There are 2 protein chains.
Amino acid sequence: MKRPQDVFANYLAEKNLKMTPQRRMILDTLLKQNDHLSSEDLYYHVKKRDKSIGQATVYRTLKLLTDSGLIDSLDFADGVTRYEMTYGTDHHDHLICEQCGKNIEILDSTIENRQEALAKEHGFTLLRHKMYLYGLCEKCRNKKI
Amino acid sequence: MKRPQDVFANYLAEKNLKMTPQRRMILDTLLKQNDHLSSEDLYYHVKKRDKSIGQATVYRTLKLLTDSGLIDSLDFADGVTRYEMTYGTDHHDHLICEQCGKNIEILDSTIENRQEALAKEHGFTLLRHKMYLYGLCEKCRNKKI
DNA sequence: ATCTAATTGAAATTCAAAAACAATGATCGG
DNA sequence: CCGATCATTGTTTTTGAATTTCAATTAGAT
């Protein structure tokens, strides 16, 4: 298993793009944070390390990292795009509490298999999918009564 | 089965909101179009019937219709929120071609059941879910070779 | 009919994301 | 080493969907 840094470097080389200190640093920061970060969040952390970095660079790098397959964008339906590492980790989906925002990562092979099968039935090659389950967690459900 | 118009009227009454000609007309237009419309699309159609209608009213009404459970918002990952009627129709998810935008509605009871089960396993009450399968349709896959 | 709170359209505002731009930096062949 | 080329940067501006503000209007209960 190659290091994420190397995967990124390879991706850039392949596309005739360049590895820069900024890109290196942004990936590095992301690897250390690793949560469900928004671009804004990441910008904040990156800025702590290097005051001079620009917000656009963070946006641009996140797009590159997404294209390289290292990270994936998430949509929790709150108007902000978040990102998470996907390289080297098992794929998973998300179960989100609409009340408190609690977020549980879930994985179900039955569902994954059926997704593949469904796509195939319609002549599609499945590239990726997004599945979000929205509900109320135990605590919030009880509060509501 | 009540008419959508009545469902909406009831919803508004329940919330102490008012039925207005604009709201009536927007719902009516939506019922006739029925596709995967964006707010912009709908605004265009509505405007043809009544020049004087404001864009904000369309946004506002779409929100109300969503809250009333008549329609649902869709995210095809192209930056525009689309809407579709869900009242009176079976729930379904979407299989989207990333190349040409072709959009197939899918339904799989195995997946639906597992979703419920997964939520329950984590103590959640499932309210709704979104599942999008992104891939390449047969035509576009062949074109790519 | 009256009254009050909801609603309207127009305009202004928000906000994340993208683009424009001039300056900087890397990489290459010669 | 040099200069040409092209990607990259940070700043600033722009975009575009969506929301808010506001004064004027209107629905609908009493």
Side-chain angles (χ1 to χ4, degrees), chain A residues 8-30 36-68 71-83, chain B residues 5-6 8-30 36-68 71-83:
Chain A
F8 192 37
N10 288 346
Y11 171 81
L12 292 175
E14 219 168 78
K15 296 269 181 180
N16 289 318
L17 305 175
K18 293 166 182 169
M19 179 56 90
T20 65
Q22 290 90 338
R23 288 176 181 174
R24 224 187 302 273
M25 202 263 270
I26 288 171
L27 172 55
D28 206 57
T29 306
L30 191 60
H36 295 144
L37 288 173
S38 67
S39 177
E40 199 68 32
D41 294 337
L42 183 56
Y43 178 56
Y44 168 79
H45 287 295
V46 158
K47 195 106 184 180
K48 281 201 292 197
R49 288 222 238 168
D50 178 357
K51 263 282 186 195
S52 75
I53 207 147
Q55 190 151 11
T57 303
V58 175
Y59 275 109
R60 288 186 281 233
T61 306
L62 280 172
K63 193 170 282 288
L64 288 171
L65 287 167
T66 304
D67 291 343
S68 79
I71 67 174
D72 230 357
S73 65
L74 301 173
D75 172 26
F76 295 161
D78 64 348
V80 191
T81 303
R82 290 157 200 289
Y83 296 87
Chain B
Q5 290 87 340
D6 297 333
F8 191 38
N10 288 346
Y11 171 80
L12 292 176
E14 218 169 78
K15 296 268 183 180
N16 289 318
L17 304 175
K18 292 167 182 172
M19 180 55 88
T20 65
Q22 290 91 337
R23 289 177 180 172
R24 224 186 303 272
M25 203 262 271
I26 289 170
L27 172 55
D28 206 56
T29 305
L30 191 61
H36 295 145
L37 288 172
S38 68
S39 177
E40 200 68 33
D41 294 337
L42 182 56
Y43 178 56
Y44 169 78
H45 286 295
V46 157
K47 195 105 182 179
K48 280 201 293 196
R49 288 221 239 169
D50 178 359
K51 264 282 187 194
S52 75
I53 208 149
Q55 190 152 9
T57 302
V58 175
Y59 276 107
R60 288 187 280 232
T61 305
L62 280 171
K63 192 171 282 287
L64 288 172
L65 286 167
T66 304
D67 292 343
S68 79
I71 68 176
D72 231 358
S73 66
L74 301 173
D75 173 26
F76 295 162
D78 64 347
V80 191
T81 303
R82 289 159 200 290
Y83 296 86

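Predicted model, so just to flag it, every value in this text is computed and none were measured. Chain identifiers are assigned alphabetically (A, B, ...) following the order of the sequence lines, protein sequences preceding nucleic acid strands; residue numbering begins at 1 within each chain.
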In a table with atom names and distances, give each donor-acceptor pair under 3.5 Å that connects a side chain of residues 53-64 of chain A to protein atoms at least two apart or in another chain.
residue, atom, partner, partner atom, Å
A:Gln55, NE2, A:Glu40, OE1, 3.0
A:Thr61, OG1, A:Thr57, O, 2.7

**OP:** Using the test salt bridge (Lys or Arg N to Asp or Glu O under 4.0 Å), find all partners of A:Arg49 that sit at least two apart in sequence or belong to another chain.
**Re:** A:Asp28
How long is the line joining [atom1] of [X] and [atom2] of [N], in whole Å?
X: A:Ile26; N: D:dT8; atom1: CD1; atom2: P; value: 12 Å
X: B:Lys18; N: D:dT25; atom1: NZ; atom2: P; value: 16 Å
X: B:Arg82; N: D:dA18; atom1: CZ; atom2: P; value: 10 Å
X: B:Tyr59; N: C:dT14; atom1: OH; atom2: C1'; value: 13 Å
X: B:Leu17; N: D:dA27; atom1: CG; atom2: P; value: 15 Å
X: B:Leu27; N: C:dT7; atom1: CG; atom2: C1'; value: 17 Å
X: B:Glu40; N: D:dT19; atom1: CD; atom2: P; value: 14 Å
X: A:Asp41; N: C:dA16; atom1: CG; atom2: P; value: 10 Å

Subject >> side chain to side chain donor-acceptor pair (under 3.5 Å) contacts in which one or both residues fall within residues 10-22 of chain A, not counting sequence neighbours >> reply: none
**OP:** Pick base, sugar-phosphate or nothing for B:Thr81, based on heavy-atom distances below 4.0 Å to the nucleic acid.
**Re:**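 Contact class for B:Thr81: sugar-phosphate only.
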**OP:** Tell me what A:Lys15 touches on the nucleic acid: a base, only sugar-phosphate, or nothing, going by heavy atoms under 4.0 Å.
**Re:**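 Result for A:Lys15 = nothing.
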Original post:
Along nucleotides 9-15 of chain D, 5' to 3', which nucleotides get a B, which get an S, and which get a -, given that the test is a protein heavy-atom distance under 4.0 Å?
Top reply: BBB----
Original post:
Is the closest side-chain heavy-atom distance between B:Gln5 and B:Arg24 below 4.5 Å?
Top reply: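 With C-beta onward as the side chain, the pair stays apart.
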Original post:
Among all residues two or more places apart in sequence or in another chain, which pass the ring pair (Phe, Tyr, Trp, His ring centres under 6.0 Å) test with A:His36?
Top reply: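 A:His36 satisfies ring pair (Phe, Tyr, Trp, His ring centres under 6.0 Å) with A:Phe76, A:His94 once adjacent residues are dropped.
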Original post:
Which residue pairs satisfy the salt bridge (charged side-chain N to carboxylate O under 4.0 Å, His left out) criterion with at least one member in residues 71-80 of chain B, sequence neighbours excluded?
Top reply: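 Listed once each, the pairs are B:Asp78-B:Arg82.
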